[in-house]
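Starting from 1, each residue takes its place in the sequence as its number. Every value quoted in this text rests on a predicted model; they were computed, and no experiment measured them.
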Amino acid sequence: MTPTQAQDRGTHPQMVQVWNLKKGFRRRGGEHVTAVNDVTLAIPAGQLVVLLGPSGCGKTTLLRCIAGLEHPDAGRIEIDGKCVFDSDEGIRLAPEHRAVSMMFQSYALWPHMTAYKNVEYAVKARGFSGDVEARVVKALTQVGIPHLRDQYPSAMSGGQQQRVALARSLAVDPPVVLFDEPLSNVDAKVRDQLRQELVAMQRAIRFAGVYVTHDQLEAMQLADRMAIMENGRIVQIDAPMSVYRHPASRYVACFVGQANEIEATVAQAGPGGRVLLDTPFGRLAAAMDGGASPAVGAKACLVVRPEDVKPVQASVPPGHNVVHGTVQVAMFSGAHVEYRVRAAQGLLHVRSDNRAILAEGDAVSLAFDPAAVHVFPEAGR
Ligand SMILES: Nc1ncnc2c1ncn2[C@@H]1O[C@H](COP(=O)(O)OP(=O)(O)OP(=O)(O)O)[C@@H](O)[C@H]1O
Ligand SMILES: [Mg+2]
C-alpha cells in the first residue's frame, strides 16, 4: 500500500483502489445512516466495474467519495497510484486534482453554450493546451455527433445531450470515468444504442470505470465485474456470469435476474452434496455447489431461475426434479414465453422458448436439474 506519485496511465496495475471506505450521514432528526460501510475495491486500467443495488444502498455515495464530492469518514483512496484521500494521514484532494471524469444522470450541460463550447470548456478547465479544437472535434466524433457542434442543448434530444456529456467526459483523456446512471433519462431504444457504443468506446479508450445503475440488464451487459451492494457494503463482486450462476446469497440471487424463491425444509442430506428438501412442490433435490450440507430439519430457501425450469413432454433427464401443474398465466414475450404454473401448493415462474406454446389451463410437467437449484439458509436474506 505504498503511495506513489506516478501519473502516467498504465504505470499502476490498479487505476482505482479503495480501502475500508466509510461514509455516514446524519439525517434531519438526528438519525445516522451508514451509506458506505467498509468498502474495499480495486479496478485495473481498462476495466469497467458496475455498482448494482437497490435504491439507497450507497452506490452514488461511493462514487461521489471517489470523485472527491463527499468527504468519507474513514479509509483510503488511490487513483492511478496517487493517494487522493486518506483519513489517517489527513489527505484529501479536491475533485479537480483527481484524475477522474464524471457523468451523471442529468446531463448537466451549460445551457448557454453550444455542444462544442460545452466540451471545450471542460478541456480548458483541465488545463489542456495544444490543439484544443482537434481534441473537441475528436470527442464529438467519437460519440457520433460532429454535426451537432453548433447546437445548443435546448435544441437537442435527451440522447444527443447525453452524447455531449459523454464527449465532455472523454475529451480530457481521463484514466478513470465515473458514471452515475447516465442512461436512465433516455428512452429505451437510445439507451440500448448508447450502451453498446459506450462498451465499444470503453474497450477502445481503455479507461477504468465505475458505473452505477439499478438496471440489472444494463449491469450485466456493461460490466467486466459487477459489484452487488447491500446496505453500504459490496456483498459480491465478480464477472456478471459468475454472479448470475453462483450468487453468494439469497439477496444476490434474487436481485440479479429473475428467481423463484421456494421455502424448504431439509429432509435428507445425501452423499456428494445432494440434498433432498420438502417444499410446496413436493420433495425436490438440490446439488450443493460447495460448502457444508445443511442439517436435516433446517429451514432453507431455494432459488431456481425461470429459464432453468423446462416444460417436458415425454422423457425427463435422469435425476431431474419433476413437478406437475397447470398453466395459470401465459405471456408471449417475443423470443420467449413467460408462464405462471400452479403446481401442488405453489406457483412457479417458468420461461420457455417460443416453439411449442402452452395455453392457459394446459396441464404441464416441468423438469429442472438439481444443479440449477441454489440452496440458501433461511436467515441469509
Ligand atoms: N446528503 C445526504 N444526507 C443525508 N443522507 C444521505 C445523503 N446522501 C445520501 N444519503 C443517504 O445515504 C444512503 C445512500 O444513498 P445513495 O444516494 O448513495 O444511494 P443510491 O444507492 O445511489 O440510491 P439510488 O439508486 O436511489 O440513487 C441513503 O440512505 C440516503 O438517504
Ligand atoms: Mg444514486
#### Entry: Check: K23 and R64 side chains under 4.5 Å, non-hydrogen atoms
no
### Task
Answer whether the closest heavy-atom distance between the side chains of R342 and L347 falls below 4.5 Å.
yes
### Query
Is the side chain of D362 donor-acceptor paired with the backbone N or O of V327 at a distance under 3.5 Å, no angle test?
no
### Query
Which heavy atom of F128 sits nearest a heavy atom of V172, and at what distance?
CZ-O, 3.3 Å
#### Entry: Nearest non-hydrogen partners of D308 and F368, listed with the distance
O-CB, 3.3 Å
### Task
Could you tell me which non-hydrogen atom of P294 sits nearest to which non-hydrogen atom of M288, and how far apart they are?
CD-CE, 3.8 Å
### Message
Please check: side-chain N/O of R163 versus main-chain N/O of V143, any donor-acceptor pairing under 3.5 Å?
### Response
yes
### Query
Sub-3.5 Å donor-acceptor pair from the side chain of R233 to the main-chain atoms of D38, do we have one?
no
### Query
Are any side-chain N or O atoms of Q202 and backbone N or O atoms of G46, one a donor and one an acceptor, separated by less than 3.5 Å?
yes
### Task
Find the distance between CG (L52) and CD1 (I228) and round it off to the nearest 0.5 Å.
4.5 Å
### Task
May I ask whether V33 and V39 are part of the same hydrophobic cluster, defined by side-chain heavy atoms of I, L, V, M, F, W, Y residues being less than 4.5 angstrom apart, directly or through others?
no
### Task
Could you grab the distance from atom CZ of R168 to atom CE of M102, nearest 0.5 Å is fine?
11.5 Å
#### Entry: Student check: side-chain heavy atoms of L166 and P182 closer than 4.5 Å
no
### Task
Determine, stepwise, if the pair R195 / D192 fulfils salt bridge (charged side-chain N to carboxylate O under 4.0 Å, His left out).
CA-CA 5 Å; R195 192 184 294 152; D192 278 353; 3.4 Å; yes
### Task
Look at the side chain of D86 and the backbone N and O of I91, then say whether any donor-acceptor pair between them is shorter than 3.5 Å.
no
### Message
Between R355 and D353, does any side-chain N to carboxylate O distance fall below 4.0 Å?
### Response
yes
### Task
Inspect the contact between R135 and D173 and indicate whether a charged nitrogen and a carboxylate oxygen are less than 4.0 angstrom apart.
yes
### Message
Check for me whether K117 meets the cation-pi criterion with Y121, that is, NZ or CZ under 6.0 Å from the six-membered ring centre and within 45 degrees of the ring axis.
### Response
no
### Query
Which heavy atom of V266 sits nearest a heavy atom of A295, and at what distance?
CB-O, 3.3 Å
### Query
Do the side chain of D238 and the main chain of V243 share a donor and acceptor less than 3.5 angstrom apart?
no
### Message
Counting C-beta onward and ignoring hydrogens, is there a side-chain heavy-atom pair between T326 and Q328 closer than 4.5 Å?
### Response
no
### Task
Assess whether side-chain contact (heavy atoms from CB on, under 4.5 Å) is satisfied between R203 and D224, documenting all intermediate values.
CA-CA 11 Å; R203 301 283 186 267; D224 293 305; 3.9 Å; yes
### Query
R250 side chain to C301 main-chain N or O, any donor-acceptor pair under 3.5 Å?
no
### Query
Can you name the closest pair of heavy atoms from P153 and P111 and give their distance?
CD-O, 3.7 Å
### Task
Could you grab the distance from atom SG of C83 to atom CG of L93, nearest 0.5 Å is fine?
8.0 Å
### Query
What do you reckon, is CD of E96 surrounded by more than 12 foreign heavy atoms closer than 6.0 Å?
yes
### Query
Does the side chain of Q236 pick up a donor-acceptor pair with the side chain of Y251 at under 3.5 Å?
no
### Task
Drop me the distance from F207's CZ to I43's CD1, to the nearest 0.5 angstrom.
11.5 Å
### Task
Take K59 and H214 through the test side-chain contact (heavy atoms from CB on, under 4.5 Å) and record every step on the way to the result.
CA-CA 9 Å; K59 306 179 295 294; H214 44 251; 4.0 Å; yes
### Message
Checking the side chain of T34 only, and the main-chain atoms of G24 only, is there a donor and an acceptor separated by less than 3.5 Å?
### Response
no
### Message
Between F85 and F25, is there shared hydrophobic-cluster membership here, with clusters defined by ILVMFWY side-chain heavy atoms closer than 4.5 Å?
### Response
no
### Message
Within the structure provided, determine whether L48 and L222 are in side-chain contact (heavy-atom separation under 4.5 Å).
### Response
yes
## Note on the structure
Minimal heavy-atom distance between P240 and A223, with the atoms involved, is CG-O, 3.5 Å
### Heavy-atom side-chain proximity of V364 to Y339 below 4.5 angstrom
no
#### Entry: Nearest-0.5 Å distance that lies between atom CG in L183 and atom CG in D215
9.0 Å
### Message
Tell me whether the count of non-hydrogen atoms from other residues, nucleotides or ligands lying under 6.0 Å of CG in N231 goes above 12.
### Response
no
### Task
Determine, using the 4.5 Å side-chain heavy-atom cutoff (strictly less than), whether L276 and V322 are members of one ILVMFWY cluster.
no
### Query
Going only through I, L, V, M, F, W and Y residues with side-chain contacts under 4.5 Å, is there a path from V176 to L69?
yes
### Query
Does the side chain of I66 come within less than 4.5 Å of I79's, by heavy atoms?
yes
### Query
What do you reckon, is NE2 of H71 surrounded by more than 12 foreign heavy atoms closer than 6.0 Å?
yes
#### Entry: Whether N260 side chain and V304 backbone form a donor-acceptor pair below 3.5 Å
yes
### R305 NZ/CZ over Y244 ring centroid, <6.0 Å and within 45° of normal
yes
### Verdict with supporting geometry, R149 and V136, side-chain contact (heavy atoms from CB on, under 4.5 Å)
CA-CA 9 Å; R149 62 175 279 168; V136 175; over 6 Å; no
### Gap between atom CD of E31 and atom CZ of R26 - 0.5 Å precision
9.5 Å
### Task
Would you kindly confirm whether L140 and V190 end up in one hydrophobic cluster when ILVMFWY residues are joined by side chain heavy atoms under 4.5 Å apart?
yes
### Task
Begin from the C-alpha positions of V329 and E360 and carry the test side-chain contact (heavy atoms from CB on, under 4.5 Å) through to its verdict.
CA-CA 6 Å; V329 179; E360 290 171 9; 4.1 Å; yes
### Query
Which of parallel (below 30°), tilted (30 to 60°) and perpendicular (above 60°) describes H374 and F376?
parallel
### Query
Do the side chain of T213 and the main chain of Y211 share a donor and acceptor less than 3.5 angstrom apart?
no
### Query
Hey, are the side chains of M226 and Q216 touching, using non-hydrogen atoms and a 4.5 Å cut-off?
no
